[in-house]
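Everything on this sheet refers to the single structure shown next.
In what follows, every heavy atom counts, from backbone to side chain, and hydrogens, waters and symmetry copies are set aside. Numbers restart at 1 for each chain; the letters A, B, ... are given by sequence-line order, proteins then strands.
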Number of protein chains: 2
Amino acid sequence: MERKLSHTALVILGLLSSGTKSGYDIKRIVDRSTRFFWSASYGQIYPELRGLTERGLVRGEPGGQGGRARTVHELTRAGREALESWLHADDEFVHEIRDEGMLKLFFADAADPEARLANLAAMRRRYDALARRLRDEIEPLAAESPGAFPLLTARFGAEYYEWLVDWCDRAEAELRAASSKRTRRARPSSPTTLEP
Amino acid sequence: MERKLSHTALVILGLLSSGTKSGYDIKRIVDRSTRFFWSASYGQIYPELRGLTERGLVRGEPGGQGGRARTVHELTRAGREALESWLHADDEFVHEIRDEGMLKLFFADAADPEARLANLAAMRRRYDALARRLRDEIEPLAAESPGAFPLLTARFGAEYYEWLVDWCDRAEAELRAASSKRTRRARPSSPTTLEP
DNA sequence: ACAGACATGTAAGAAGTTACATGATTCA
DNA sequence: TGAATCATGTAACTTCTTACATGTCTGT
């Protein structure tokens with residue numbers, strides 16, 4: 001192990017640990033699974049696959065059915081060892097979130113009230129779409145895959161986005177309550193006259 | 001508005017919207033607030049501040065107390081407009097997560113049971129530390145800042161990480177239950193003899 | 001005198017996205 | 001025949017991190 005492996009490399013090793021795959025396969029699987037906590041593009045996958053091959057962690061052979069050009073990759077012994085070494089290390093690990101909606105919400109004091117609600121609604125839509133996708137498409141897919149952990153993480157994803165949708169609902173209620181309070185104060189024509 | 005602004009640029013504009021700040025100030029504030037859904041390093045902040053100045057969205061002047069070198073930046077009219085235009089647009093927004101712990105969990109079928117639990121424990125520790133930090137340090141800080149939204153997002157962060165901690169606990173219980181079931185089956189010396 | 005916070009910045013490179021180019025095969 | 005999917009790849013670019021260099025001021 002000369003140099004530290006990139007996370008993309010680790011994703012590749014991880015996916016290859018359950019059978020040989022092409023770069024195309026890897027991209028397809030990533031988009032239906034790890035994407036929710038680690039994504040990868042072709043621009044990373046293919047060069048990384050080459051790098052891993054040069055380092056002897058992966059072996060590729062022309063293969064697949066039909067005359068269609070295809071290179072299937074499999075882990076070498078060293079590759080499996082590298083994967084396991086990562087899996088068993090307990091270094092500080094990367095955890096980061098980038099959420100432009102949340103960022104807008106943070107600065108929402110500089111925005112109009114309607115824009116705040118619109119942003120929150122857009123966030124809710126996004127999270128809800130992800131929750132549905134995970135529940136309806138990714139979970140059944142993970143349930144069929146070998147091993148228990150893809151399913152565990154897919155279920156995590158679904159619950160997670162459902163929680164976020166719920167948070168958006170609560171935040172929206174709070175925003176509406178705050179703004180109606182302000183409106184009531186601004187318009188003395190409301191039944192404030194009932195007060196003693 | 002010639003070219004699209006980077007998110008770092010938007011963070012800077014957002015922070016400057018509530019008063020003039022130096023690059024150092026911006027970094028310090030980011031690390032105590034937006035960091036949890038959008039981070040930035042000096043290597044981005046200073047060059048971006050220069051770029052924004054060149055584009056006329058920000059104005060910097062040598063300032064501050066004492067002889068200490070310091071450049072305070074403020075929004076120009078165009079800068080405020082750019083910020084508001086972003087805040088009011090409803091383009092598709094960036095939402096991504098990178099969580100190495102979750103990634104390890106996804107591939108945990110290739111790891112030892114102890115490593116799985118260790119990883120889950122490390123995740124829990126991390127989320128718990130973030131939850132505490134947000135509750136005890138960031139929330140009080142946000143409560144003092146002008147405007148309601150920094151506080152709203154800080155409370156979100158705290159609840160969010162508390163939810164994650166809870167998820168880790170549930171996942172751990174599940175893992176332990178599954179492994180003890182397997183252990184019981186693997187060792188017929190258990191009081192299986194009681195069965196009819 | 002020295003540690004630690006304040007303050008600004010850059011250089012190198014890693015990581016990642018986007019858009020494009022290319023071509024085979026399958027199926028309607 | 002033409003659209004969709006399979007399949008591989010690269011070039012150019014942006015973004016971001018890391019590590020370093022430099023110096024001031026404050027408090028002990």
Side-chain angles (χ1 to χ4, degrees), chain A residues 2-12 20-32 34-35 37-55 58 60-73 91-98 100 103, chain B residues 2-12 20-32 34-35 37-55 58 60-73 91-98 100 103:
Chain A
E2 319 146 13
R3 244 178 43 218
K4 242 195 130 212
L5 291 168
S6 72
H7 286 92
T8 305
L10 294 166
V11 169
I12 292 173
T20 63
K21 281 163 193 73
S22 68
Y24 189 83
D25 289 337
I26 289 169
K27 170 66 171 157
R28 199 165 28 74
I29 295 172
V30 163
D31 283 345
R32 284 166 169 70
T34 70
R35 217 250 310 225
F37 36 85
W38 211 290
S39 72
S41 64
Y42 285 126
Q44 292 168 269
I45 292 169
Y46 283 110
E48 199 64 73
L49 228 24
R50 183 152 46 83
L52 287 170
T53 305
E54 279 161 14
R55 291 170 68 171
V58 151
E61 6 181 298
Q65 57 285 70
R68 203 176 253 159
R70 194 160 193 271
T71 313
V72 286
H73 300 266
D91 304 338
E92 179 92 355
F93 52 73
V94 174
H95 165 76
E96 39 172 77
I97 293 169
R98 335 203 107 188
E100 191 175 350
L103 192 60
Chain B
E2 318 145 12
R3 243 179 45 218
K4 242 194 130 213
L5 292 168
S6 73
H7 286 91
T8 305
L10 293 166
V11 169
I12 292 174
T20 64
K21 281 164 192 72
S22 69
Y24 190 82
D25 290 336
I26 289 169
K27 170 66 171 157
R28 199 165 29 76
I29 296 172
V30 162
D31 283 345
R32 285 164 168 70
T34 70
R35 220 255 304 231
F37 35 86
W38 210 289
S39 72
S41 66
Y42 285 126
Q44 293 168 269
I45 292 170
Y46 283 110
E48 198 64 72
L49 228 25
R50 183 151 47 83
L52 286 170
T53 305
E54 278 162 14
R55 290 170 70 172
V58 153
E61 5 182 300
Q65 57 284 69
R68 202 175 253 158
R70 192 160 195 271
T71 313
V72 287
H73 300 267
D91 304 338
E92 180 90 355
F93 53 73
V94 175
H95 165 75
E96 39 173 76
I97 293 170
R98 335 202 107 188
E100 192 175 350
L103 193 59

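- In this entry the distance linking CG of A/L10 with P of C/dA15 reads 10 Å, nearest Å.
- Between B/R28 and B/D25, at least one side-chain N (NZ, or NE/NH1/NH2) sits under 4.0 Å from a carboxylate O, which counts as a salt bridge.
- Considering only side-chain N and O atoms, A/Y42 lies nowhere under 4.0 angstrom from the phosphate OP1 or OP2 of D/dG9.
- The OH atom of B/Y46 sits 18 Å away from the P atom of D/dA21 (whole-angstrom rounding).
- Residue B/R50 is in sugar-phosphate contact alone, with no base atom involved, counting any heavy-atom pair closer than 4.0 Å across all strands shown.
- Here A/D91 does not pair with A/K4 in a salt bridge; the nearest charged N to carboxylate O distance is not below 4.0 Å.
- Contact annotation for B/G23: backbone-only contact, meaning every heavy-atom pair under 4.0 Å involves sugar-phosphate atoms and none involves a base.
- One finds no side-chain N or O of B/S22 lying less than 4.0 angstrom from the OP1 or OP2 phosphate oxygen of C/dC6.
- Rounded to an integer number of Å, the gap from NZ of A/K4 to C1' of D/dT18 is 13 Å.
- Annotation for A/S22 and A/R70: closest pair OG-NH2, 3.7 Å, computed over non-hydrogen atoms.
- A sub-4.0 Å separation between OP1 or OP2 of D/dC16 and a side-chain N or O of B/Q44 is present.
- Summarising the geometry, the separation between NE2 on A/H7 and P on C/dA14 is reported as 16 Å, rounded to the nearest angstrom.
- A straight line from CG of B/D25 to P of C/dG9 spans 13 Å, rounded to a whole angstrom.
- Side-chain nitrogen and oxygen atoms of B/Y24 include at least one within less than 4.0 Å of the OP1 or OP2 phosphate oxygen of C/dC6.
- The phosphate of D/dC16 has OP1 or OP2 within less than 4.0 Å of a side-chain N or O from A/R98.
- If you take CG on A/L103 and CZ on B/F93, they are separated by 11.0 Å, rounding to the nearest 0.5 Å.
- Nearest-nucleotide positions on DNA chain C place B/L49 closer to the 5' end than the other of B/L49 and A/W38.
- The structure places CZ of A/R35 at 11.0 Å from CD1 of B/I97, a figure rounded to the nearest 0.5 Å.
- Separating the CZ atom of B/R35 from the P atom of D/dT17 is a distance of 12 Å, rounded to the nearest angstrom.
- A/S41 comes within 4.0 angstrom of a nucleotide base, judged by non-hydrogen atoms across all strands.
- Distance A/I45 CD1 to D/dT10 P: 14 Å, rounded to the nearest Å.
- Taking atom NZ on B/K27 and atom P on C/dA5, their separation rounds to 15 Å, with Å as the unit.
- When distances are taken from the side chain of B/T8 to each of D/dC16, C/dG16, D/dA7, the shortest belongs to D/dC16.
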